[in-house]
Amino acid sequence: MSAYDEVEIEDMEWNAELKAYTYPCPCGDLFQITLEDLRLGEEIARCPSCSLFLTVVYNAEDFAEAKEPPHKPGPSPVAVA
């Protein structure tokens with residue numbers, strides 16, 4: 001069986017309530033992959049409501065020792081003259 005899609009971890013959202021990275025599924029639910037899964041080298045995010053799954057592209061070294069998800073840099077303030 002092949003993955004529905006391949007998604008970069010940067011394109012997924014961290015959901016603190018689920019303690020998982022999520023990505024919208026066509027069925028209306030969310031694909032999910034936990035921080036623990038990432039630490040273990042897992043690369044499949046599954047949807048709990050249907051049979052679809054994603055391949056998650058990420059650098060395993062970024063998650064090897066992480067207790068919290070790596071923070072994405074936020075937008076930098078821009079000075080307006």
Side-chain angles (χ1 to χ4, degrees):
M1 184 177 243
S2 63
Y4 167 73
D5 202 356
E6 189 173 277
V7 176
E8 301 273 342
I9 193 77
E10 292 84 11
D11 294 332
M12 299 181 80
E13 294 287 325
W14 174 251
N15 183 313
E17 185 178 315
L18 296 173
K19 295 188 171 154
Y21 281 93
T22 62
Y23 191 81
C25 180
C27 80
D29 205 344
L30 296 170
F31 292 104
Q32 302 173 21
I33 189 166
T34 67
L35 191 56
E36 183 63 25
D37 289 338
L38 295 168
R39 275 193 219 115
L40 294 172
E42 180 63 59
E43 58 183 28
I44 301 298
R46 300 184 187 284
C47 176
S49 296
C50 71
S51 62
L52 295 178
F53 63 93
L54 294 174
T55 299
V56 180
V57 179
Y58 69 101
N59 182 349
E61 292 174 3
D62 292 344
F63 295 91
E65 300 296 324
K67 294 195 177 14
E68 292 291 323
H71 295 286
K72 295 180 190 175
S76 300
V78 176
V80 178

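Note that this is a predicted model, so its numbers are computed, not measured.
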Note to self: Among Ile44, Leu52, Val7, which residue satisfies the side-chain contact (heavy atoms from CB on, under 4.5 Å) criterion with Phe31?
What the structure shows: Leu52
Notebook entry, point to check: Atom CG of Leu54 and atom CD of Glu43: how far apart are they, to the nearest 0.5 Å?
Noted result: 11.5 Å
Next item on the list: State the CG-CD distance between Asp11 and Glu6, to the nearest 0.5 angstrom.
Entry: 11.0 Å
Check: Got Ile33 and Met12 here, is their nearest side-chain heavy-atom distance under 4.5 Å?
Finding: yes
Margin query: Within this structure, what is the CD-CG distance for the pair Glu13 and Leu18, rounded to the nearest 0.5 Å?
Written below: 12.5 Å
Notebook entry, point to check: Rounded to the nearest 0.5 Å, how far does NZ of Lys19 lie from OG1 of Thr34?
Noted result: 11.5 Å
Check: What closest approach, in Å, do Val56 and Ala45 show between heavy atoms, and which atom pair accounts for it?
Finding: CG2-CB, 3.7 Å
Next item on the list: Could you check if a side-chain atom of Leu38 sits within less than 4.5 angstrom of a side-chain atom of Ile9, using non-hydrogen atoms only?
Entry: yes
Note to self: Any heavy-atom pair between the side chains of Tyr58 and Tyr21 that's under 4.5 Å?
What the structure shows: no
Note to self: Using 0.5 Å steps for rounding, measure from the SG atom of Cys25 to the CD atom of Gln32.
What the structure shows: 10.5 Å
Check: Side chains of Asp29 and Cys50: does their closest heavy-atom pair fall under 4.5 Å?
Finding: no
Note to self: Quick check: do Tyr4 and Cys47 have side-chain heavy atoms less than 4.5 Å from each other?
What the structure shows: no
